[in-house]
Amino acid sequence: TQLLEQSPQFLSIQEGENLTVYCNSSSVFSSLQWYRQEPGEGPVLLVTVVTGGEVKKLKRLTFQFGDARKDSSLHITAAQPGDTGLYLCAGARSGNTPLVFGKGTRLSVIA
Amino acid sequence: KAGVTQTPRYLIKTRGQQVTLSCSPISGHRSVSWYQQTPGQGLQFLFEYFSETQRNKGNFPGRFSGRQFSNSRSEMNVSTLELGDSALYLCASRQVGLSYEQYFGPGTRLTVT
């Protein structure tokens, strides 16, 4: 059973479009991270959210942590080809337990 | 600060052989975790080391082992390689604290033939 479910699995959009990626769980997390991974490279940390209801913005990317700390979303405004990659969410139940990763959303932005 | 480094970046081995992968964490990071990434299973946690002690272990067979040295550098070893061990092996380091922010290395691509 996958503890963190990400949707959609694949997304192909045109440059300039908006999109939202979801990360859902039935478990509560003390913190949740979003990473972006490009082919042949390791994931790069984009953001960490720790407070229920928290919203963080990183340029055109908006991250939200659910009020109950069980889910999160990533919204990209006016997507660009440089946004192409695998987006992974990962949750920590506590500071001492391993991170649990979703299987990722593979985004392709076509110019 | 230099990022997490992993060596080698690519490796081809034959079934039955063993392999050792190396990871140097970000300076000051005492926790090192290892993950296996495959297209079908995604990122799966192998183990975490902190101050030379294994802190957490994932659900992998005993063929997978690791260790951490006093300078926080870590190695993982896979013995009796199987075809299914072909994967990207990722190492991540972090400062132990309230927020579980990990920083990943570029990975070692292992191919078992």
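Cluster membership check: B:Tyr103 does not share its hydrophobic cluster with B:Val32, using side-chain heavy-atom separations under 4.5 Å among Ile, Leu, Val, Met, Phe, Trp and Tyr. Under the 4.5 Å side-chain heavy-atom criterion for Ile, Leu, Val, Met, Phe, Trp and Tyr, A:Leu99 and B:Phe60 are members of distinct hydrophobic clusters. In this structure, A:Phe63 is not a member of the same hydrophobic cluster as A:Val44, with clusters built from ILVMFWY side-chain heavy atoms closer than 4.5 Å. Follow the hydrophobic side-chain contacts under 4.5 Å out from B:Leu46 and you never reach B:Leu90; the two are in separate clusters. A:Leu61 is connected to A:Leu107 through a chain of hydrophobic side-chain contacts under 4.5 Å among Ile, Leu, Val, Met, Phe, Trp and Tyr, so both are in one cluster.
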Verdict with reasoning, A:Leu45 to B:Arg94, per side chain to side chain contact (heavy atoms under 4.5 Å, CB included): CA-CA 12 Å; A:Leu45 179 66; B:Arg94 70 182 180 109; over 6 Å; no
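Listed options B:Phe47, B:Phe45, B:Tyr10, B:Phe104 were ranked by heavy-atom pairs under 4.5 angstrom with chain A; first place goes to B:Phe104. Chain A forms the most heavy-atom pairs under 4.5 Å with one residue out of B:Lys57, B:Arg9, B:Arg109, and that residue is B:Arg9. When each of B:Gln37, B:Glu48, B:Gln44 is checked for heavy-atom pairs under 4.5 Å with chain A, B:Gln37 comes out on top. Between chain B and the residues A:Pro43, A:Gly42, A:Ala92, the most heavy-atom pairs under 4.5 angstrom are made by A:Pro43.
Heavy atoms of A:Leu88 lying under 4.5 Å from chain B belong exclusively to its side chain. With a threshold of 4.5 angstrom between heavy atoms, B:Gln102 approaches chain A through its backbone and through its side chain. B:Tyr35 touches chain A through its side chain: at least one heavy atom from C-beta onward sits under 4.5 Å away, while N, CA, C and O do not.
Residues of residues 62-80 of chain B never come within less than 4.5 angstrom of chain A, heavy atom to heavy atom.
Residue-environment remark: CG (A:Leu58) exceeds the threshold of 12 foreign heavy atoms within 6.0 Å. In the displayed structure, A:Gln9 atom CD is contacted under 6.0 Å by at most 12 heavy atoms of other residues, nucleotides or ligands.
In this structure, A:Lys103 contributes its side chain and B:Gly40 its backbone to a donor-acceptor pair below 3.5 Å.
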